[in-house]
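Just so we're clear, the structure is a prediction, and the values are computed from it rather than from any experiment. When reading the values below, keep in mind they use all heavy atoms of this one structure, side chains included, and skip hydrogens, waters and symmetry mates. Every number for a ligand or one of its atoms is a count from 1 in the order of the listing.
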Amino acid sequence: MSVVRPEEWQPQGVGFLEPNALRALRETERSVLVAASPGAGKTEFLAQKAAYLLQTGLCPAPKRILAISFKRDAAKNLADRVARRCSPEQARRFDSYTFDGFAKNLLDRFRAAVPEPYRPPADYHIELPDINHYRYYLNIHNLRTINAEQFARKLAEARLPLNDGGSKIIKAIQAYWNSQYNDHDHVLLTFSMINRLVELLIRENPYIRRALHLTYPVVFLDEYQDTTFAQFELLQTMFTGSNTIFTAVGDDKQRIMLWAGAMPNAFDKFENYFVARRISLNMNWRSHKDLVQIQHFIARRLDPDSVSPEARADRMSDGDIAAIWEFATIEEESDYLARWIAREVREESVEPHDIAILVRMRANRVEDRLAAAFSSHDLDLRNVARNVGNISIQDLLGEELTKILLRLLRLGATPRSPENWNASLSDLQHLEAVDPADEVAQRLLHERLQLFVRELRQTLDGLKPSRKNAKQVAIKALDFIGTSVLQRTFPSYHRQADFNRVWEGFVLLLEKSLLNTDSWAAALDKFEGIGQVPLMTIHKSKGLEFHTVIFYGLDNKSWWSLRPERPEELHSFFVAFTRAKQRAFFTLCNDSGESIPWIEELLTSAGAKKYKPSL
Ligand SMILES: Nc1ncnc2c1ncn2[C@@H]1O[C@H](COP(=O)(O)OP(=O)(O)OP(=O)(O)O)[C@@H](O)[C@H]1O
């Protein structure tokens, strides 16, 4: 693999990077904190910096880059961007994880080294509790005087081992750990407990620490503004004393996880601890000038010092770009949205998956409300938070197993697909650990894939694309790859229960996608959400972007917490608004609640209109 000289390296796949982005990219001696507004290209910058370090040999093999994002699909998005810009061998040295995924991976690999009495059995179960879980626990254990939110926060932050003679809350936390470990055949761990276990494991184990230092000279942190105290502490425990250089990107105005323990002073902490250089980006590549102007008006409410970014995208539509749509009834609202989206798809050629419906909470309820009207206009609504088995659709799509099997199925379902062919070949090389320079082995791999694709095409040609045939087809693809090969290659599938969760979700979603579908190719599109209108909470929309965003429910009941005295809610509002490339609309329905005057005033002063729409 040829190495590019650093001074000759050029940005990959984009025209150019702004001077500050280049400065931050070439800074490899010191940690950097890149602070910038929505759409400034922070995630893209990380992908470019990864390409720079990998292609110039500044991060030489076998050393790797560790990238940590907040959500599974953000980690996937970043890994995909790097894969598009680098050779497969280079891209494989880019480890893109979520915080939770990385911590769990370390726990599963080094579980035997976790000190007693905290060492969990290999078949521990993962629990995803909400606040009611803690309320219930405190209630039944007569600990009602302890506030559940405070308990959850402290549980996430308290260092292990817990001190026996500790305060009341520490004693309650110790009792909680005991109760989760009580039944040895059914030990239950939450991700915050896993974080604490791994922090203890690494603190106590200099060998693991050293291995981390040697493996990862470079660490990236995406959406850094929402890092929690426990996550930051884990990073400190892992990398203190190393030469690892950190690059964090984030936007203070998009901090939406304060309720979950995000550090309010995350940026200062980073600068001080890592002696980092702070660099700002000044462009907005996502949205056009008129929309950026409205965004900036809202941004100034969050931070009076915020600087107006330079908009780089073109405006593509003439009509309204931001408005509050008012409706009398839920039926009227659902009908209008369905008809409006259907018209946009038909007449303006906007793809259904490029029009997102965002909600503050309770996406399932909104899905129930909208589904009938949407289907009567031949629109499919995809609620990405819905679970298929025990995994959400959004998470499932970020899984390696999903990516590998989907590519194979696409090869079987479409006559020609060079992109999937190359990607599948590269998957096989990786899974079978074939040396790219070994021509004989490469040819054999090629022939194996060719044979399989021919067989799969024959199978699919003779098989009705129906729900009952989904599993048979999925098994065919899985058998070709081999369960044990996947489990050996990806640490997150080592435990059978983790593998099964993803595999079962894959089969269930394939079955679902085959309902009322007349071809295998169309079912795979449905599987990926192509041609469907996504519905998600603001939290799930972080880091994503859409041609048009429709925020559903700008009323005082659907968004009761949107009050001037709760700045973090305005942050959420800002995140929702800034997902739009071209237009952002808000619905207000009298059946659902009353208007929120201060936010309406903010929007209308920024340039948005308010009216009762009709088609
Ligand atoms: N240098 C560039 N040239 C052209 N397009 C770019 C460039 N940088 C980013 N983009 C595009 O701009 C959009 C926004 O980029 P990105 O998602 O990286 O922004 P971000 O700062 O991470 O946004 P947010 O904080 O809102 O999630 C993407 O579509 C990306 O492909």
Check your understanding: For D226, which of Q254, K542, Q231 qualifies under side-chain hydrogen bond (donor to acceptor under 3.5 Å, both in side chains)?
Key -> K542
Check your understanding: Looking at side-chain heavy atoms only, is the closest gap between V359 and L535 below 4.5 Å?
Key ->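 They are in side-chain contact.
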Exercise for review: Please check if the side chain of S558 supplies one atom and the backbone of D555 the other of a donor-acceptor pair under 3.5 Å.
Suggested key: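 Side chain of S558 to backbone of D555, a donor-acceptor pair under 3.5 Å: no, none is there.
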Practice item. Is it possible for you to check whether K581 lies under 6.0 Å from the centre of the six-membered ring of F546, through NZ or CZ, and within 45° of that ring's axis? Key: no
**Study point:** E333 and T587: side chain donor to acceptor below 3.5 Å
**Key:**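 Yes, side-chain donor-acceptor contact under 3.5 Å.
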Review point. Around ligand 1, what residues show up once you keep those with a heavy atom under 4.0 Å from it?
Key: V14, F16, L17, S37, P38, G39, A40, G41, K42, T43, E44, R81, Q254, W285, R286, G543, E545, R579
Revision key, fill the gap. CH2 (W9) and CZ (R26) are apart, to the nearest 0.5 Å, by 7.0 Å
